[in-house]
Amino acid sequence: MSELGRQIEALLFLSPEPLSLRALAEMTDADATEISGALTELDERHSAVSALEVAEIAGGWALRTRADLAGVCDRLRERPPDDRLSPAALETLAVVAYLEPVSRPEISRLRGVQVDGTVSMLVERGFLQEDGRPEGGGAMRYRTTRTFQERFGLKGSSDLPPIERFELTGPEADALKARLSQAGHMDEDTDVG
Amino acid sequence: MSELGRQIEALLFLSPEPLSLRALAEMTDADATEISGALTELDERHSAVSALEVAEIAGGWALRTRADLAGVCDRLRERPPDDRLSPAALETLAVVAYLEPVSRPEISRLRGVQVDGTVSMLVERGFLQEDGRPEGGGAMRYRTTRTFQERFGLKGSSDLPPIERFELTGPEADALKARLSQAGHMDEDTDVG
Amino acid sequence: MALAQPLQLPVDLDLFQGPFDLLLTLLLREEIDLFELPLADLVEDALGPTPIERWDLSTASELVVLLAALAELKARRLVGEQVDEEPDADALEARERLVARLVAYAPFQRAATWLLERFSANEGTRYRRAPLGLATPAPAPTEDPARLAGALNLLLMAPPEPSLSHLTSREVNMPALLNRLRNALTRGRSVSFEAIVAGKGVLEEAMTLIAALELARRGEATLHQEQAFGDIDITPTRGASA
């Protein structure tokens, strides 16, 4: 492996957070193209047999253990007892991820529920963080964290599918409206009460 | 590389401290002979080209960067840590600076969010310190430190810019206003609303 | 990747996360009969003191208005009334607003499903979290561990036998010296001390002197020295020698 590859491996190993191309370039006195090449080389060397892999994640590059080793890793570092996320938590995360920075009242209005507890829980678990209040005052706004990006395997805060992809299509939205208009007017035959 | 070798690589990679043969054996359900064999195998795989080496150190085994890479590793260590204050930290510091001594529940009520984590972090970073509990019991109160004053270029705890607008209303707000004026941070007749 | 269908949410009252879930279920899963829904319980749960997420009050009230209108329509139909007219204006308005909000919110519900897939897919990977300070690389060695072994080895070595070379290279013993002196005295009237010890070491010289003094003490010889540090004549006592 090249000397630059070795240097990058050492840096990714030591760094407690993902390192950007720029940070890697600064520390190794190499340019971005050379860094990219060395990252590829490093990934190839690891891919064959290693427990580790090179990943682009959360705004930078990191070494991490491969997914198939989760079992033995958990024996070293116990996972938090409840690692799952409720639908409420996932929907709140989705709202923040697409609209950040966004305040609790704004999330509440969109979701139709009060989200104080859910937001606090997500802050506690490190998926959301406070992001200041708007000029002129107002509610604290929130954004997603690097931990969120790591846990969801996102390369950065913009590594989300465009929201348009999730929108109801015109016909879907129309169908919804039509169904609602018909509600209460169900066909007598199907209506068994 | 053997599956056991991969497991051990993952464990050594994740562990912040050296792992004993016994700990490795327990986590992988292998015996000491197998572990030793896998360590040798792992070391051989790394020895040729890697930035990392398997080292027996301080009563256990660890992955670490090789000595010849100390230079680039030092550059990572010397990178200025990102010690900007988060919006949450800044707002919490502001509350404490103007109202000190003040307890976590009080900060929490004013900010409308849980502040335990933020306060702990600010104590750890030396910006806040404990200031005892009130006569008759109650929550621990906090005040800002000399480090805080140095960081913000303040001559003393009363050397804060005056509060010029105060728009909150209600009994709690009145108490808050009284407290701010008593501390000399706000004029009695500051514009309400 | 298949998009989650917000129109196909599971029907499980425990899973209602908010008014929109309920609304969708009501509208789009016709097999749920309005009268089978424990509406009062739902509303109480949603607005009560201990829900995980209390319903937003304005959303909840719009939903209740709509549900009441639907329930009324249905009740009238059940008792055989001909029901052609639309629900009242409040209900219509609530319906419009709810649909608009539902359409606006649907993308986030679908995005949440996408996130859930990512969450599961990335469950296995783990990042190293060792603080930088702990991950000390091996310092470049400045000392050779062989020096440690060398230092200890010095302590563990047996001490060398003390050298006797500076003492004498030959055996020297008093009886042999006495016999040699006696033999010399039988051959002549007197012998010179210096002649006897010529070419001998310091030790042998000293011991020869002691042997001579011993012969004098035993009365076998007399010693005579002309001047200090000069030669010593050793003369056998008459009749003493055998």
Side-chain angles (χ1 to χ4, degrees), chain A residues 10 13-16 53 55 62-70 73 77 83 85-88 90-91 93-95 97-98 108-115 117-118 150-154 160-161 163-168 172-173 175-177 179-181 183-186 188 190-193, chain C residues 3 6-7 15 17-21 23 26-28 30 33 35 46 52-56 59-60 63 69-74 77-78 83 87 95 98-99 101-116 118-119 121-132 135 137:
Chain A
F13 172 77
L14 286 181
S15 176
E53 64 188 4
L63 267 182
R64 66 182 184 193
T65 60
R66 286 173 189 278
D68 66 297
L69 292 160
C73 293
R77 201 160 71 186
D83 187 39
L85 286 170
S86 68
L90 283 165
E91 287 179 21
L93 278 175
V95 170
Y98 277 100
S108 275
R109 206 169 315 130
L110 197 54
R111 290 200 47 224
V113 289
Q114 291 176 22
V115 295
T118 305
E150 285 180 353
R151 184 62 186 83
F152 286 81
L154 303 173
L160 293 164
I163 189 72
E164 293 78 24
R165 192 174 140 195
F166 295 126
E167 278 172 4
L168 297 184
E172 276 174 328
L176 200 60
K177 282 175 203 162
R179 296 287 274 279
L180 189 48
S181 312
H185 293 264
M186 283 176 281
E188 297 275 338
T190 60
D191 184 17
V192 224
Chain C
L3 282 183
L7 313 189
L15 282 183
Q17 296 295 324
F20 298 138
D21 288 346
L23 184 60
L26 285 175
L27 298 182
L28 307 167
E30 290 164 7
D33 194 288
F35 293 123
I52 301 172
E53 294 189 311
R54 257 191 206 219
W55 288 12
D56 171 64
T59 314
L63 189 59
L70 294 182
E72 187 195 347
L73 283 177
K74 181 145 191 175
R77 224 175 30 247
L78 275 178
V83 189
R95 187 175 75 189
L98 282 170
V99 168
R101 291 181 58 182
L102 194 53
V103 169
Y105 188 57
F108 297 104
Q109 279 189 309
R110 286 172 157 182
T113 311
W114 181 83
L115 280 177
L116 180 60
R118 303 286 301 195
F119 192 70
N122 289 276
E123 197 168 32
T125 52
R126 301 281 185 277
Y127 296 87
R128 195 163 181 272
R129 283 288 174 267
L132 199 49

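Proteins get letters first, then strands, A, B, ... in listed order; numbering begins at 1 in each.
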*Asks:* Specify the closest pair of heavy atoms between A:Leu168 and C:Ala106, including all atoms of both residues, with the distance to one decimal.
*Replies:* CG-CB, 3.6 Å
*Asks:* Does a side-chain heavy-atom distance below 4.5 Å link A:Phe152 with C:Asn122?
*Replies:* no
*Asks:* Which region of A:Glu164, side chain (C-beta onward) or backbone (N, CA, C, O), has a non-hydrogen atom less than 4.5 Å from a non-hydrogen atom of chain C, or is it both or neither?
*Replies:* neither
*Asks:* Taking all non-hydrogen atoms of both residues, which atom of C:Tyr105 and which atom of A:Leu110 are closest, and how far apart?
*Replies:* CD1-O, 3.6 Å
*Asks:* Counting only heavy atoms closer than 4.5 Å, note whether A:Leu63 contacts chain C via side chain, backbone, both or neither.
*Replies:* backbone
*Asks:* Return the minimal non-hydrogen interatomic distance between A:Arg77 and C:Tyr127, and the atom names on each side.
*Replies:* NH2-O, 2.9 Å
*Asks:* Are A:Phe166 and C:Thr113 packed together at the side-chain level, in the sense that at least one heavy-atom pair is separated by less than 4.5 angstrom?
*Replies:* no
*Asks:* Roughly how far, to the nearest 0.5 Å, is the CG atom of C:Leu115 from the CG atom of A:Leu154?
*Replies:* 7.0 Å
*Asks:* Just verifying a value: how many Å separate A:Leu90 CG and C:Gln109 CD, rounded to the nearest 0.5 Å?
*Replies:* 11.5 Å
*Asks:* Output the option from A:Ala62, A:Ala97, A:Ala94 having the highest count of non-hydrogen pairs under 4.5 Å with chain C.
*Replies:* A:Ala94
*Asks:* Would you verify whether the NZ or CZ of A:Arg151 falls within 45 degrees of the ring axis of C:Phe119 while also being under 6.0 Å from that six-membered ring's centre?
*Replies:* yes
*Asks:* Of all the heavy-atom pairs spanning C:Arg126 and A:Cys73, show the shortest one and how long it is.
*Replies:* CG-CB, 3.9 Å
*Asks:* On the 0 to 90° scale, with breaks at 30° and 60°, tag the A:Tyr98-C:Phe108 ring pair as parallel, tilted or perpendicular.
*Replies:* perpendicular
*Asks:* To the nearest 0.5 angstrom, please state how far the CZ atom of C:Arg128 sits from the CG atom of A:Leu14.
*Replies:* 6.5 Å
